[in-house]
Amino acid sequence: MVIQGKSVFSGIAIGRLSVYNKAENVVKRTKISDTEAEIKRFEDAREEAKKQLAGLYDKALKEVGEVNAAIFEVHQMMLEDLDYVESIENMIRNQEVNAEFAVANTGDNFSEMFASMDDDYMKERAADVKDISNRLVSVLQGAGVAGIHSDEPVILLADDLAPSETVQLDKSKVLSFVTRHGSTNSHTAILARTMNIPALIGVDYPEDIEGKMGIVDGFEGKIIIDPTMSLLEEYQQKKEKEDEKKRLLQELKGKENITLDGKKINLYANIGGVSDVASVLANDAGGIGLFRSEFLYLESETYPTEEEQFKAYRTVAENMAGKKVIIRTLDIGADKQVGYFNLDKEENPALGYRAIRICLDRTDIFKTQLRALYRASYYGNISIMFPMIISVSEVKQIKEIIKEVKAELDEAGVPYKDAEIGIMIETPAAVMVSEDLAKEVDFFSVGTNDLTQYTLAIDRQNPKLDNIYDSHHPAVLKMLQMIAENGHKHGCWVGICGELGADTTLTETFLKMGYDELSVSPSMILKVRDKIRNTDTNK
Ligand code: PEP
Ligand code: MG
């Protein structure tokens, strides 16, 4: 069976299909007539969960050592706990309810009981009971934990994936993303590019496909379910050819980003977190042009502390060993929703309370991040960048807050560097006042994803409008020209960190416009370098 969708990243993936298990899977109460059969279902699930935990224990033992692996042993023991097991079985028997409901309910009760105890050790067990109950519910619902129902890497299918769900996936287990909804410019698509795996959207896949064999063709935007042997062989060969092309690109490592006529440009990488630094280095990027720091907030259950952020920024700066690392301050709102911020539901979130607007309003959050950034600046070559700017007065406010943060650090005797500061140009307003903005900052980085959305008045998240969301629109290209000119007039260097920066059909245009930097997904670095090296801007 072949289903056509739309590709958001090319490449070929061959593997088993697995449907993403939404974390918020609702547990419904249903009446059961054969309670003994339901208890047997529960017993089978308990055995399966124990097996999973034994596997996790072995894996953790090798990867993170005995002390850290011990938690999986504790969980196995908890699954043997008689009070817990009997409570579930009694509930199924006496209340004639389904096993999922009995497990979830018992889990909640036990966890509340532990949480109310005085002993710290017992208190901590509250989260463990919740964890094992969730695992049991997932097994009963026929899905694995952490969103993926398999120990092998799989082609992951989902209705849609929010950025917060995508960041929490075990990346080593995902060969490809395939979603029913979503748009080319969503952050999930961007993450797929960062991970360098083929991804499709708009694929209306059938329900009963768990565990079937599949091929994702990210060049033609289609998925083949249950392929014949000959198709499998054909795609295996295509994949080998692709891998060979990638190997050839590797030869460009260590080479300069220089055109045939001698123009040089900085080629940096976009990342979402510390773990992406490995692929930045593997692809020989000259620096990091966009660290989307909001992913630290998306991965977290609550506001990341100054210390947690400091460690993350410092690690990235140190691993990049003196190369430029541009960290963008918190850019949440719109599709990047963070539960604990308790943001109001808005009619037009893309035009709403988001990014720098939140930071200038909730300065406590902003200052915590700035303190962490300045502290980390001491350990490498960090630049700080601010998103969604619309006016000079915002930049002035930011600079006042930076002054306060620096004064606090001075007073505490904490060392920091005078990091370069820059802004994202991603609103038409910023473009129009870019000459004035250039007087205030050290650099501009154009966020073409949002700039296209706001210029064309097209929601980047709306799949229905994907075909008219056109970053090549003359309005966008004229703005790009204007930004470069205005930036340079006042000594700002200018770059592009939106997805358009990796569009090799425009590399020559960007070079001619005078862009100093392009920041692209790590997986695109060598392709863009190849294009630069084969371009003659005199022609
Ligand atoms: C952009 O808008 O182009 C950009 C780089 O930021 P984000 O995609 O995270 O909104
Ligand atoms: Mg943006």
Side-chain angles (χ1 to χ4, degrees), residues 8-9 162-164 166-167 182-195 199 268-273 276 287-299 326-338 348-359 383-390 394 422-431 434 443-462 466 469-473 475-477 479-480 483 494-503 506 510 515 517-522 524 528:
V8 292
F9 196 64
S164 56
T166 320
V167 289
S183 73
T184 322
N185 307 292
S186 65
H187 284 91
T188 300
I190 291 172
L191 280 166
R193 282 175 215 132
T194 307
M195 287 164 65
Y268 297 162
N270 295 346
I271 64 165
D276 295 333
I288 290 170
L290 168 64
F291 177 173
R292 290 182 162 93
S293 72
E294 58 275 8
F295 283 100
L296 288 180
Y297 292 73
L298 283 164
E299 281 164 350
I326 302 175
I327 303 179
R328 172 174 77 185
T329 58
L330 180 63
D331 183 20
I332 58 159
D335 67 322
K336 287 177 286 197
Q337 288 295 331
V338 186
N348 294 301
L351 306 179
Y353 186 67
R354 56 173 300 197
I356 200 69
R357 301 168 186 179
I358 297 178
C359 289
S383 303
I384 305 174
M385 173 158 83
F386 303 94
M388 287 296 297
I389 296 295
I390 58 167
E394 282 169 339
I423 53 172
M424 294 205 53
I425 304 286
E426 50 185 347
T427 63
V431 180
S434 51
F443 66 94
F444 286 165
S445 187
V446 190
T448 49
N449 310 335
D450 278 318
L451 186 58
T452 305
Q453 129 163 299
Y454 296 126
T455 303
L456 306 184
I458 292 177
D459 179 357
R460 68 192 258 194
Q461 292 291 114
N462 189 336
D466 240 12
Y469 175 98
D470 175 18
S471 303
H472 290 218
H473 191 291
V476 178
L477 297 180
M479 287 193 179
L480 279 161
I483 296 163
V494 290
I496 299 175
C497 64
E499 296 297 288
L500 197 66
D503 184 336
L506 286 175
F510 299 146
Y515 274 88
E517 179 241 22
L518 296 174
S519 190
V520 303
S521 301
M524 292 300 291
V528 180

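In this text the structure is predicted, and so the values were computed from the model without any measurement. Order of appearance sets the numbers: ligands from 1, and atoms from 1 within every ligand.
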In this structure, does ligand 1 have an atom that sits under 4.0 Å from one of the heavy atoms of [X]?
X	answer
Arg460	yes
Glu499	no
Gln453	no

Exercise. Roughly how far, to the nearest 0.5 Å, is the CG atom of Leu451 from the CZ atom of Arg460?
Worked result: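 Interatomic distance, Arg460 CZ to Leu451 CG, rounded to 0.5 Å: 11.0 Å.
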For this session: Report yes if the side chains of Ile483 and Tyr515 come closer than 4.5 Å at any heavy-atom pair, otherwise no.
Result: yes
Exercise. Of the protein's non-hydrogen atoms, which lies at the shortest distance from atom 7 (P) of ligand 1, and what is that distance?
Worked result: His187 NE2, 3.3 Å
Should you measure from each heavy atom of [X], which atoms of ligand 1 turn up under 4.0 Å away?
X	answer
Arg328	4 (C), 6 (O), 7 (P), 9 (O)
Gly498	3 (O), 5 (C)
Lys336	9 (O)
Leu290	5 (C)
Arg292	4 (C), 5 (C), 6 (O), 7 (P), 8 (O), 9 (O)

If we ignore hydrogens and angles and just use 3.5 Å, is the side chain of [X] paired with the main-chain N or O of [Y] as donor and acceptor?
X	Y	value
Asn449	Glu499	yes
Asp331	Met388	no
Asp470	His472	yes
Thr427	Ala430	yes

Exercise. Rounded to 10°, how big is the angle at the Mg ion (ligand 2) from Asp450 OD2 to Glu426 OE1?
Worked result: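 With the Mg ion (ligand 2) as the vertex, the angle is close to 90°.
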Exercise. Considering distance alone, does some N or O of Glu426 sit under 3.5 Å from an N or O of ligand 1?
Worked result: yes
